[in-house]
Amino acid sequence: MNYGGISLEAYSERGDGFASASAQDVTELNKALEATELRGGAVEGSTTASGAPLKVESLEKTLKVVTFTQKNIVFWKDTPVLPAYNTVEEYKRLTSYGSDAGGFTTEGELPEEDDSTYVRESQLVKYLGNTRIITHPMTLVNTAHGAVMQREINNGTIWILSKLERALFEADSAVVPQEFNGIYKQIQNDFASEVAFLNSDNVVDMRGKRMDEASLEQGSNAIIEAYGYASDVYWSPKAGSDFSKNFYPRQRAMTPVGLNNKVGSNITGFVSQAGEIALHPDVFMKPKPSKTTGTAATSSKAPAVPTADGTNPIVPVAATVANTKWGADDGGGTYLYAVSAINRYGESGLRILSVTPATIAVGGAAALKFVSGGGANTPTGYRIYRATKNVAYSAGANAFYPLFDISATQLANGYNGGGAGVVYDLDFYLPGTTKALMLQRDLEFYAYKQLAPLMKMDLALLSPSFRFMILLYGTPVVYAPRKSCVFINIGSTADAVTNALIA
């Protein structure tokens, strides 16, 4: 008999169950054969999870690191390290061989007397560390990424190195007394004041422009005139990337058919009149992130949010303010300000000083008034934030960019020309910009004085948990501050020469 033309529907009325399943029955049967997308933990106790309870979960054995790694620690790896033997590290500097007197004499005459100038300086050793805790049961279970104890030792070590990397540049013991003085601060302290430092040859102010060859040459010349030589520059990856863009308009590449040519610039050095200078991108030199008034404090032990002082916490100061840098590019616009409080534990949330933007005149200043928010953990410093030019207030949405830090003492005494409790923003630092450091990288310029190397110290067992600390004791010491150059306010705007080339 020929059954080739008979479909399943011909058997749908039979009572023996053969080929009697409906479309819904077939769908339910298919469901019973599905693995589904449920994870193992999501099907516990379920009676409708199909075949998912039978699955063995698949977890990669390689841990994917989505934050910084040891490869990102650049400056610390290049830093000379010397032993320290005291919590106060003293050092001597020969600052002069003698006066700039004449020196020539007549025949048989006794030359004039002269003396060298020696200065004794010191830096305090500071202590960097964190504590890790692992429960005893955690050490007994199978883990996907190796021994959990070793993993946490590695994580703690990299955490310490990341804090050290940024602190070597930016730490300021006046703002946070538990910190050492970083390289920027030690260079600044070699001058009579911050204004004298910013107006010196050892600072190149880019005013929002990106780094270029002329600026590097200017910095290297400042070091030469201080009887040093420039060997290295450390800057953010963005600053290095923008520097390479200066050369794009000057490059021409003819690509023959069939060849996979590559274009672009990976610039790793600069040849100055004093010699070759190595260029190092360091991710820890990128600017601190912008914040909103909704950004949370970085620690539960951070200070309380500061309080705006009085009914006019932002007062525009008329023109002719001493040392101001409010020029035509920034002056004449309106600005919103915010402030946070800082201590050794972290940073508070932001306090916007006024919802009404202040108009800052060319040659003027912004006088900011605020006080501590109180609380158990008092602030030792404050961070001043500013929004970009001519931005209207929008509750919780305004992006504020960090400008500079001051100590609680500086606030009390008045800062940058302001009276007691008043901080003047003189536009020394621009929002969203970065810094770079050019230096003579050897023991003539600086070293890290290490009282104890990076180490793990076990704590007593007080519970079924293993507690240990990762510790590092030491301080950087800058022996010859003038054999360096600090670039400030590095932005992304091309200069006029580069714009002309692009055009």
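Everything quoted here is computed from the prediction, not taken from an experiment. Nothing fancy with the numbering, it's 1 onward along the sequence.
- Between Tyr446 and Phe75, the angle of the ring planes stays under 30°, which puts this pair in the parallel group of the 30/60° scheme.
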Inset, instruction - Apply salt bridge (Lys or Arg N to Asp or Glu O under 4.0 Å) to the pair Asp425 and Arg386, showing each step before the final yes or no. - result: CA-CA 10 Å; Asp425 173 22; Arg386 192 171 86 199; 2.8 Å; yes
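- Using bins of under 30°, 30° to 60° and over 60° for the plane-to-plane angle, the ring pair Phe243/Phe270 lands in the perpendicular bin.
- With respect to the salt-bridge test (charged N to carboxylate O, under 4.0 angstrom), the residues Glu347 and Lys288 do not qualify.
- Counting only residues at least two apart or on different chains, no side-chain hydrogen bond (donor to acceptor under 3.5 Å, both in side chains) pair has a member in residues 355-376.
- Figure legend: Lys483 and Tyr227 shown without cation-pi pairing, the cationic atom not lying both under 6.0 angstrom from the six-membered ring centre and within 45 degrees of its axis.
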Inset, instruction - Could you give me the CA-CA distance, side-chain angles and deciding distance for Asp458 and Arg467, then say whether salt bridge (Lys or Arg N to Asp or Glu O under 4.0 Å) is met? - result: CA-CA 6 Å; Asp458 294 322; Arg467 297 156 55 92; over 6 Å; no
Inset, instruction - Kindly determine whether Asp190 and Lys185 satisfy salt bridge (Lys or Arg N to Asp or Glu O under 4.0 Å), including the steps that lead there. - result: CA-CA 9 Å; Asp190 199 53; Lys185 188 64 175 179; over 6 Å; no
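- Salt bridge status for Asp201 with Arg482: absent, with no side-chain N to carboxylate O gap under 4.0 Å.
- When all heavy atoms are compared, the tightest approach of Tyr337 to Ala366 is OH-CB, 3.5 Å.
- Closest approach of Tyr91 and Gln186 over heavy atoms only: OH-OE1, 4.3 Å.
- Side-chain polar atoms of Asp205 and Asn489 form a donor-acceptor pair below 3.5 angstrom.
- The pair Glu90-Arg120 meets the salt-bridge criterion, since a charged nitrogen lies less than 4.0 angstrom from a carboxylate oxygen.
- Separation of the Trp326 and Tyr335 ring centroids falls under the 6.0 Å cut-off.
- Within the cation-pi definition used here (under 6.0 Å to the ring centroid, within 45° of the axis), Lys92 does not qualify as a partner of Tyr118.
- Ring pair Phe445/Tyr479: centre-to-centre distance not below 6.0 Å.
- Tyr382 does not carry Arg351 over the face of its six-membered ring by the limits of under 6.0 Å from the centre and within 45° of the normal.
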